[in-house]
Student: 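Dropping a structure here in C-alpha cells format, bear with me for questions.
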Amino acid sequence: MLTMMNKPTEPQMSDNRYTPPKSSLEDWAKAAGKLMKGKPVDSLKVQTAEGIELSPLYTAEDISGSATKDTLPGLEPYIRGPQATMYAGRPWTIRQYAGFSTAEESNAFYHQLLSEGAQGISVAFDLATHRGYDSDHERAIHDVGKAGVAVDSVEDMKLLFDGIPLDQVSVSMTMNGSVLPILAGYIVAAEEQGVAQADLSGTIQNDILKEFLVRNTYIYPPGPSMRIVGDIIAYCTEHMPRFNTISISGYHIQEAGADAALELAYTLADGKEYIRCALAAGLDIDDFAPRLSFFWGIGMNFYMEIAKLRAARLLWSRIVDEFNPGNPRSKMLRTHSQTSGWSLTEQDPHNNVVRTTIEAMAAVFGGTQSLHTNALDEAIALPSESSARLARNTQLILQEETGITDVIDPWGGSYMMESLTSQLADRAWDLIVEIEDKGGMASAIETGLPKLRIESAAAKRQAQIDNGEQVIVGVNKYQTKTPDQIEVLEIENSEVLKKQLDRLAEIRIHRDEQQVQTHLKDLREAADNNSGNLLDLAVIATRARATGGEITLALEDAYSRYEAETRTVSGVYGEAMNDDQSWQDLTTRIKAFTAENETAPAILVCKLGQDGHDRGAKVIASSFADAGFRTALTPMFSLPKEVVDQAIREEVHAIGVSSLAGAHKTMVPDLLAELKAAGADHIVVVVGGVIPKQDYGFLYNSGVHGVFGPGTPVTVSSDEVLSLIEARTSLTRG
C-alpha cells in the first residue's frame, strides 16, 4: 500500500501536438548578437572563391523564388539526379583509375581490382602514349611506363585486357590526343577476343578542348582535333551503340586551379561545342546526346561540390534544350567523378584518407553515377597496392555500411543547398555566356581568356595557402614533428622500356610492311582531303599492326604538331601576399640583389618530358616574377638539351624543373650532363613537384642544388633559390 501511495504520478498526455513558439529572423539576430559580443552578425558571412556569399543561416525565404526547389529525381531538369530511384535502386559504380608499367602488370592489377569489388576498369596510359609517341621515340623514352601503362600497338592492348571479357566489363579510357590509335586498338583487341563492336561498353574521354585549356596532352591543332572528335562520335553512333563517345572533363580544369564556377562553366561550354561538332558531322541531337558523359573533380569544399553536380544537371538540361531534342534523355547529364589529387598532401599523408572520404561523400551526395577515389600516397608517387585497396574500400564502406544509399538526394529541399545550387548555376551561366560571346569555347581558347582565368585562380589560391588564409592541416597549420614514412611504388623505367622496344621490333618483323604503309597513306590522304572517317581508317591500319606512333605521325604529316604559346599571369600572387612579412623581406632582398648586380635574379622554369600538368610551373613562374625575379618558361615537352640552350640564351642564374610524373630520376641527370657539356654548370638547378623523399638523396648526389616537395610555400622555395643564386654569384665574382 505504501508502495502504491509513493508511486509518482505519470504525466497526462495531451492529444495536441507540441507547437513551438513562433520566431523570426529578428529574434535569431538578437540571440546571435549576444554570442557575437559586439561584432556584427554579417561578419559570419563568407565570400567564396566563386564570388558567392555564403550565409551562416538559410531560411525558406532564400529559396522562395528558386527554380530548383520543387524538382524530383529522374525528371527534368534532373537536379536531384538523372535516375528516378538513384542509389536506392542501384548504387554508383565503383571505378579505380589504374595503369602502370607494362600491359601484363596492369592486366594483373585489373583482375585483382575486379575480384575485390571494382565494377569497371579505368585505364591510365603513360605520357608517351598520350602524346602519340611509340616507346622508341627520343622524346618518349624517359616517360615510358612511368605514370601509366605503355601501349604502342594492338598487341599491348590485347595483353592489357587478356582474360577480361570485354562484352561484360565496362572500360573507361582516359585518352584525348592519341585517341584514334587507342580506341582503334581497343576495338581490334576486342574483335580478336571474339567480341563484336556492338557489344562493347564504356567510355573514351575524347575531350580535346580540355587539353588546350589545361592538361596539354594535345597533338594536333584545334581544328583538326575537333574533326577527330566528330569522326569518333559518328563512327561509334553507327557501330558501338553502348559506348560513350566523350567524357567531358572538368576534373583537370579543377586540378589546374579553377574554382567550382569556372570548372562548371568551362566544362559545360566544352560540351556545347561538342554538340555543335557532332551536328556538323551530320548527326541528329538525339543520335548522340544520350551517350555524352561528364567527369568532375571533387575537392574539399564540401557544400560547393554537392551544389556543383546538382547545378551541372540543371544547366546541361538548359543547354541541350536549345538544340530542340525529341528525346528527354538527351538533356540528362551523366557523370563520373574523381576525388581531388591536388588536395592530397605529402606532409602527414594519412590525413589524405580523411580528405578522400569527405570528397567521396560530396560526390555521392551530389549524385554521381560512378566514382574513383584517390589513394593516400598519390601526392608522393603512384599508389601502392595497399593504398589502392584502402581507396577502393572507402567506397565499399560508404555503400555497404553507412545507409547513405537508402535515400534519394537527401539534400533536396535544404534551404542552404537549394540556394547554393541556384547561385552557383547563375554564376556559371554568366561565364558560359561570356564564352559564347567569344564564339564558343574553341574560339575562346584561341584568345587565351579561359586559360588565364584558371591560372589566376590557381595563383590566388596558392597565395591564400602560403599566407595561412586557407588552412591545410599538416601543411600550414598543425604540422607534425614526427612525419610518417610511407612506402611508395617506384616504376623501374629501364625494364619497361626494354620490353616495349622488344615488342615493337617483334611486330615490325612479322607484319606485312607494304600493307601497313598503304593503310597509313590512306589515313594521311583522308586527313589532307577531309574525306572518309579517320577512326574507321585507324581501325583498318591497326588490324594490319600499324603502331600508335605511326598512325599519329601519318596524321601529323597532314595536320602538324601543335605548339601552344606559353604565358603567365601577373600580380595575382603578389597582391594576395602584400601584408605577409616573409614576402616583404624577400622582395627587399631581391631589390638589393638587383641593385648590386645590375640585373634581377633570373630563373627558367621548365617542364621536361611529356607531362602536361603545368599548374605548378605556371604558379612558380608567376609568383617568382611578382617577387622581382626575372622569370621565363620553356615550351611544354622540352628535352634537356633544349632547356639548356634556352637557359644559356636567356642568361639565367637558375633552372627550376617541375616534375609530376616520376621522370625526375631519368631526365634531371640528363639535364645536368647537358649543362656540364655546354660549360654552363654554374647555373643553379632546383627541382619541385611530386617527388618522394627517398629520391631527394639521389637528386642531390646527381648535382641538384635544391628539392621542394608538394606543399612547399612559394616564400620558402623562392627564398632558398635566391640564397643559392646569391652564393653562386658571389663565388663567381670571387
Side-chain angles (χ1 to χ4, degrees), residues 455 459 563-571 573-574 586-587 589-609 611 614-659 663-664 667-689 691 699-700 702-708 712 714-734:
E455 290 170 4
E563 292 185 14
E565 181 183 354
T566 302
R567 293 190 290 180
T568 59
V569 298
S570 176
Y573 185 93
L586 173 68
T587 56
R589 285 181 59 205
I590 291 174
K591 288 175 182 176
F593 178 96
T594 303
E596 182 179 353
N597 295 278
E598 298 182 344
T599 183
I603 183 170
L604 175 65
V605 181
C606 72
K607 294 287 300 181
L608 291 170
D611 174 31
D614 63 351
R615 175 179 183 168
K618 291 289 186 68
V619 167
I620 289 297
S622 60
S623 58
F624 273 48
D626 287 353
F629 281 84
R630 175 166 59 85
T631 64
L633 272 167
T634 64
M636 295 294 296
F637 317 117
S638 294
L639 290 173
K641 187 178 187 313
E642 293 167 342
V643 173
V644 169
D645 289 345
Q646 184 175 349
I648 294 171
R649 189 168 63 250
E650 304 214 16
E651 299 181 337
V652 300
H653 301 98
I655 296 172
V657 181
S658 174
S659 176
H664 52 272
M667 300 202 78
V668 172
D670 283 3
L671 174 70
L672 293 163
E674 292 286 354
L675 279 171
K676 187 173 183 179
D681 49 355
H682 60 281
I683 295 176
V684 170
V685 176
V686 296
V687 184
I691 304 167
L699 291 171
Y700 281 122
S702 299
V704 168
H705 302 91
V707 182
F708 307 108
T712 304
V714 170
T715 49
V716 171
S717 59
S718 55
D719 183 81
E720 187 169 331
V721 170
L722 180 58
S723 295
L724 289 167
I725 292 173
E726 287 172 334
R728 186 57 62 95
T729 303
S730 176
L731 185 65
T732 303
R733 278 203 307 265

Student: Please find the pair of heavy atoms, one from Ile590 and one from Ala627, that lie closest to each other, and give the distance.
Tutor: CD1-O, 3.3 Å
Student: If I take atom OG1 from residue Thr568 and atom OH from residue Tyr573, how far apart are they, to the nearest 0.5 angstrom?
Tutor: 15.0 Å
Student: Does Asp626 use its side chain to pair, donor to acceptor, with the backbone of Gly571 at less than 3.5 Å?
Tutor: yes
Student: So, for Pro601 and Gly628, which heavy atoms are closest and what is the spacing to 0.1 Å?
Tutor: CD-O, 4.4 Å
Student: So, do Lys618 and Leu633 sit near enough that their side-chain heavy atoms are less than 4.5 Å apart?
Tutor: yes
Student: Go through the steps to decide whether Arg630 and Thr594 satisfy the test side chain to side chain donor-acceptor pair (under 3.5 Å), and finish with yes or no.
Tutor: CA-CA 10 Å; Arg630 175 166 59 85; Thr594 303; over 6 Å; no
Student: Do Leu672 and Lys676 come within less than 4.5 Å of each other through their side chains, counting heavy atoms only?
Tutor: no
Student: For the residue pair Asp719 and Thr715, establish whether any side-chain heavy-atom pair is separated by less than 4.5 Å.
Tutor: no
Student: Calculate, to the nearest 0.5 Å, the distance between atoms CD and OG belonging to Gln646 and Ser638 respectively.
Tutor: 7.0 Å
Student: Flag yes if more than 12 heavy atoms outside Glu650 fall under 6.0 Å of its CD atom; otherwise flag no.
Tutor: yes
Student: Determine the minimum heavy-atom distance between Ser718 and Leu586, stating which atoms define it.
Tutor: OG-CD2, 3.0 Å
Student: Which pair of heavy atoms, one from Pro640 and one from Met667, lies closest together, and at what distance?
Tutor: CD-CE, 3.7 Å
Student: How many angstroms lie between atom CG of Leu671 and atom CD of Glu642, to the nearest 0.5 angstrom?
Tutor: 11.5 Å
Student: Which label fits His653 and Phe593: parallel for a plane angle under 30°, tilted from 30 to 60°, or perpendicular past 60°?
Tutor: perpendicular
Student: Do you know which two heavy atoms are closest between Asp614 and Met636, and how far apart they sit?
Tutor: CB-SD, 4.0 Å
Student: How about Ile620 and Phe708: do any of their side-chain heavy atoms sit closer than 4.5 Å?
Tutor: no
Student: Would you call Arg649 and Asp645 a salt bridge, taking side-chain N to carboxylate O under 4.0 Å as the test?
Tutor: no
Student: At what distance, to the nearest 0.5 angstrom, does CD1 of Ile691 lie from OG of Ser658?
Tutor: 8.5 Å
Student: For Ile725 versus Ala602, what's the shortest heavy-atom pair and its separation?
Tutor: CD1-O, 4.2 Å
Student: Indicate yes or no: at least one non-hydrogen side-chain atom of Leu608 is less than 4.5 angstrom from one of Asp670.
Tutor: no
Student: Do the side chains of Ser717 and Phe624 get nearer than 4.5 Å, heavy atoms only?
Tutor: yes
Student: Quick one, Ile603 and Thr631 - any side-chain contact, counting heavy atoms below 4.5 Å?
Tutor: yes
Student: With a 4.5 Å cut-off on side-chain heavy atoms, are Asp611 and Ser659 touching?
Tutor: no
Student: What is the distance from atom CG of Leu722 to atom CZ of Arg589, rounded to the nearest 0.5 Å?
Tutor: 4.0 Å
Student: With rounding to the nearest 0.5 angstrom, report the OG to CZ distance, Ser723 to Arg728.
Tutor: 13.5 Å
